[in-house]
Number of protein chains: 2
Amino acid sequence: MSCVTTLKKKGMKLTTQRRLILDIIHDSGGHLTAEEILDYVQARVPGVNKSTIYRTLELLEDLGCVFKSKLGDRFIYHHAEGGHHHHLVCQTCGKSIDCDEDLFLPAERAVNEKYGFRAEFKHVLISGLCADCRDKT
Amino acid sequence: MSCVTTLKKKGMKLTTQRRLILDIIHDSGGHLTAEEILDYVQARVPGVNKSTIYRTLELLEDLGCVFKSKLGDRFIYHHAEGGHHHHLVCQTCGKSIDCDEDLFLPAERAVNEKYGFRAEFKHVLISGLCADCRDKT
DNA sequence: TTTCATGCAAATGATTTGCATAGTC
DNA sequence: GACTATGCAAATCATTTGCATGAAA
C-alpha cells in the first residue's frame, strides 16, 4: 500500500509539502538529513518551513513509509520500500551502499547464545571505507 | 600507561575534577552520559561545572583513556581499559553487558567480500532486550 | 465549513565557547 | 610566577512546540 493511500485512510491530508517530501525521499536512493530535505523542498517551493519537514518526517516514520537512523550526531531518513536492509556509509566520500538484512544474523545468534540477549539490528548504518576510497589511500 | 601518566607527560595538570571524573568512569563498569558523570562529580564536589565535564571528557577521549559512543540522542562514555569490545544495552532496564570484539567478524568479512567495503566496528552499542527483561514480558 | 496542516517565532536541551579568575606545577 | 584549568554566562545548533492562519476534504 502506497504512502499516499495510507495517509488518506487515516483521514490525513495530501498537501503539496507532503507530496514533495515523499518524492524527494523516494527519488534519492540514499539517505538524507532533515536539512538536506529542507533544501531540496525549498528549491522547488520556497517558503516551506523547517517545522513542516520535521513534522512530516515524523508522520511518515509513524506510517512506516520512511526510516530514521542516526548518522554522526544527526538523524537521516530514507524510504522504506524494499524491506529492511542496512547501509554501508563511506567516511570519506559519504557514499551509501545498501546491503541485505541478514548481515548481522551471526552476531544476533552469538549474543543470544552467550547472554540470552535479543539484539535488534534494524537499518544499521555501518561506517567505514568504500572500495574506491580505500584504494586511493 | 595510566591516564594520569599520560596527562603529566603532555604537561597537563592533574586537578581534583579530572581525578574525580577518571575515578567515576573507572568505577562504573558500564557507560555514563555526561550528565550522569556531572551528577556523580557534584555529589562529591559541589560546584563543578558542566563545561569542565565536557572539556575533560574530550581531553580523555583524545588521550585514548575514554571511549565515546552514541546512545539514543546523546553521547555516553566509558573507560578504555581491557581493549576493544562492544556493549549490549537493554532497552528496558538500561543494563549494559560487555561482549567481545570478534562479534562482527562475520559481518566484516561479508561486506568486504561483497562490496570491498572496509567496515569499522569499534565499541558498538547494540540495542535489544536482555535475558531478564525478555522473560518478564 | 470543518478539520487538519502550515508558517512563524519562540522554546528546548545537549554541547560549546570566551573570558576573567583560581589552581597546579 | 607562569601557564593551564575552571566556573560562569552566554552562544550554538538540531529539533520541538504553541498558536493563529491557510488549505484540503
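Keep in mind that the numbers below use all heavy atoms, side chains included, and drop hydrogens, waters and symmetry copies. Protein chains get the first letters and strands the later ones, always in sequence-line order, with residue 1 at the start of each.
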[X] [atom1] to [N] [atom2], straight-line distance once rounded to whole Å:
X: B/Glu58; N: C/dT15; atom1: CD; atom2: C1'; result: 10 Å
X: A/Arg19; N: D/dA24; atom1: CZ; atom2: P; result: 10 Å
X: A/Leu32; N: D/dT15; atom1: CG; atom2: C1'; result: 17 Å
X: B/Leu38; N: D/dG7; atom1: CG; atom2: P; result: 10 Å
X: A/Lys70; N: D/dT15; atom1: NZ; atom2: C1'; result: 13 Å
X: B/Lys8; N: D/dA5; atom1: NZ; atom2: C1'; result: 16 Å
X: A/Phe75; N: C/dG13; atom1: CZ; atom2: C1'; result: 13 Å
X: B/Ile37; N: C/dT15; atom1: CD1; atom2: C1'; result: 14 Å

Respond yes when some side-chain nitrogen or oxygen of A/Tyr54 is under 4.0 Å from OP1 or OP2 of D/dT15, and no when none is. yes

According to a 4.5 Å side-chain heavy-atom criterion applied to Ile, Leu, Val, Met, Phe, Trp and Tyr, with indirect links allowed, do A/Leu32 and A/Ile126 form part of one hydrophobic cluster? no

Side-chain ion pair, A/Asp62 and A/Lys68, N-O less than 4.0 Å: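 Answer for the salt bridge query: no.
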
Sidechain N-carboxylate O distance under 4.0 Å for B/Lys114, A/Asp100: yes

Are there any protein N/O atoms within less than 3.5 Å of an N/O atom in nucleotides 4-11 of chain C, and if so, which ones and at what distance?
unit_1	atom_1	unit_2	atom_2	d
C/dC4	O4'	A/Lys13	NZ	3.2
C/dA5	OP1	A/Arg18	NH1	2.7
C/dA5	OP1	A/Arg18	NH2	2.8
C/dA5	O5'	A/Arg18	NH2	3.3
C/dT6	OP1	A/Thr15	OG1	2.8
C/dT6	O3'	A/Gln17	NE2	2.9
C/dG7	OP1	A/Gln17	NE2	3.2
C/dG7	OP2	A/Asn49	N	3.1
C/dG7	OP2	A/Thr52	OG1	2.5
C/dG7	N7	A/Arg55	NH2	3.0
C/dG7	O6	A/Arg55	NH1	3.4
C/dG7	O6	A/Arg55	NH2	3.0
C/dC8	N4	A/Ser51	OG	3.3
C/dA9	N6	A/Ser51	OG	3.4

Report the distance from atom CD of A/Glu58 to atom OG1 of A/Thr56, rounding to the nearest 0.5 Å.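 OG1 of A/Thr56 is found 10.0 Å from CD of A/Glu58.
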
Any luck finding a side-chain donor-acceptor pair between A/Asp98 and A/His86 under 3.5 Å?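 Distance-only check fails for A/Asp98 and A/His86.
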
Just by distance, no angles: are the side chains of A/Ser69 and A/His123 close enough, under 3.5 Å, to form a donor-acceptor pair?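 Per modelled atom types, A/Ser69 and A/His123 side chains form no pair under 3.5 Å.
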
